[in-house]
Amino acid sequence: MKFTQYSILINLCILTILVCASQAYDFFFFAQQWPGSLCDTKKACCYPKTGKPAADFGIHGLWPTYNNHSFPGNCNRNSGFDGSEISDLRERMQVSWPSLNCPSSNSSKFWKHEWVKHGTCSESVLDQHGYFEAALSIKEHSVNLLQILQSAGIQPDGKSYNLESIREAIKKGSGFSPVIECNVNASGNYQLSRSTFA
Ligand SMILES: *[C@@H]1O[C@H](CO)[C@@H](O)[C@H](O)[C@H]1NC(C)=O
Ligand SMILES: *[C@@H]1O[C@H](CO)[C@@H](O)[C@H](O)[C@H]1NC(C)=O
Ligand SMILES: *[C@@H]1O[C@H](CO)[C@@H](O)[C@H](O)[C@H]1NC(C)=O
């Protein structure tokens, strides 16, 4: 998902470094989370009003990122979230991008947070609708993380899998190197909770 516009953006930034320093980024991280593990880590976890999410990875966000893995954030305070701009995507977002925050909600707050914090940093190339559409397309058409893991024999069955085998499976199945985060559940077992890749 390397961004070809990158070098153009940087060239522009050399001229107007103060104005666009916070707008430039090198690539996107696409972050997905496993609901079961996420709910184990958090003090509380509430299903969205649309019901319990499927046993599948959900989108966390599409994050413009620098090569040093830090993120620009909140790049345009004037660009608020407008739910009406994505009304045509809402159904797909409820399936693929559910919020597990409490209290139980229609997930709008989560989407707003992702747009304001991360999306506004790629606004020069993706408007709000484009941003959410891009993330949905990756999830729906390019990278089916659950399928990739299952094809490699890695099932969400409570058994333990070697971290390296998870990493290799994702790399082979998606073509991207993942960053993998685990959590530890109440009985001290490590669980795959989030996989992010460039
Ligand atoms: C990471 O890179 C960006 C852009 O080059 C820079 O602004 C930021 O200070 C760097 N962060 C760290 C922790 O080095
Ligand atoms: C989602 O919930 C928020 C906060 O309760 C509300 O303001 C908004 O209108 C709701 N959006 C839809 C599409 O139902
Ligand atoms: C922690 O995870 C292990 C392995 O998946 C499972 O057997 C155990 O029941 C879990 N413990 C709790 C408290 O959820």
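On a predicted model such as this, the values are computed, not experimentally measured, just so you know. For ligands, and for the atoms within them, numbers begin at 1 and follow the listed sequence.
Shown here, atom 2 (O) of ligand 2 is in close reach of the protein: a heavy atom of it lies under 4.0 Å off. Under the 4.0 Å distance rule, the nearest protein heavy atom to atom 14 (O) of ligand 2 falls inside the cut-off. By the definition of a contact as any protein heavy atom under 4.0 Å away, atom 11 (N) of ligand 2 is in contact.
Atom 7 (O) of ligand 1 has its closest protein heavy atom at Y66 CE1, 4.4 Å. Taking atom 8 (C) of ligand 2 as the reference point, the nearest protein heavy-atom neighbour is N106 ND2, 3.8 Å.
Using a 4.0 angstrom heavy-atom cutoff, R90 counts as in contact with ligand 2.
Of the possible polar contacts, none joining the E123 side chain to the N76 backbone as a donor-acceptor pair under 3.5 Å is found. A distance-only check finds a donor-acceptor pair linking the side chain of T120 to the backbone of C75 [under 3.5 Å].
Classification of the H60-W63 ring pair by plane angle, with boundaries at 30° and 60°, yields perpendicular.
No more than 12 heavy-atom neighbours from other residues, nucleotides or ligands sit within 6.0 angstrom of OH on Y47. A 6.0 Å sphere centred on CD of Q147 holds no more than 12 heavy atoms belonging to other residues, nucleotides or ligands.
One finds a salt bridge joining E133 and R92 here, because a Lys/Arg side-chain nitrogen approaches an Asp/Glu carboxylate oxygen to under 4.0 Å.
Annotation: N68 places an N or O atom under 3.5 Å from an N or O atom of ligand 1; distance criterion only.
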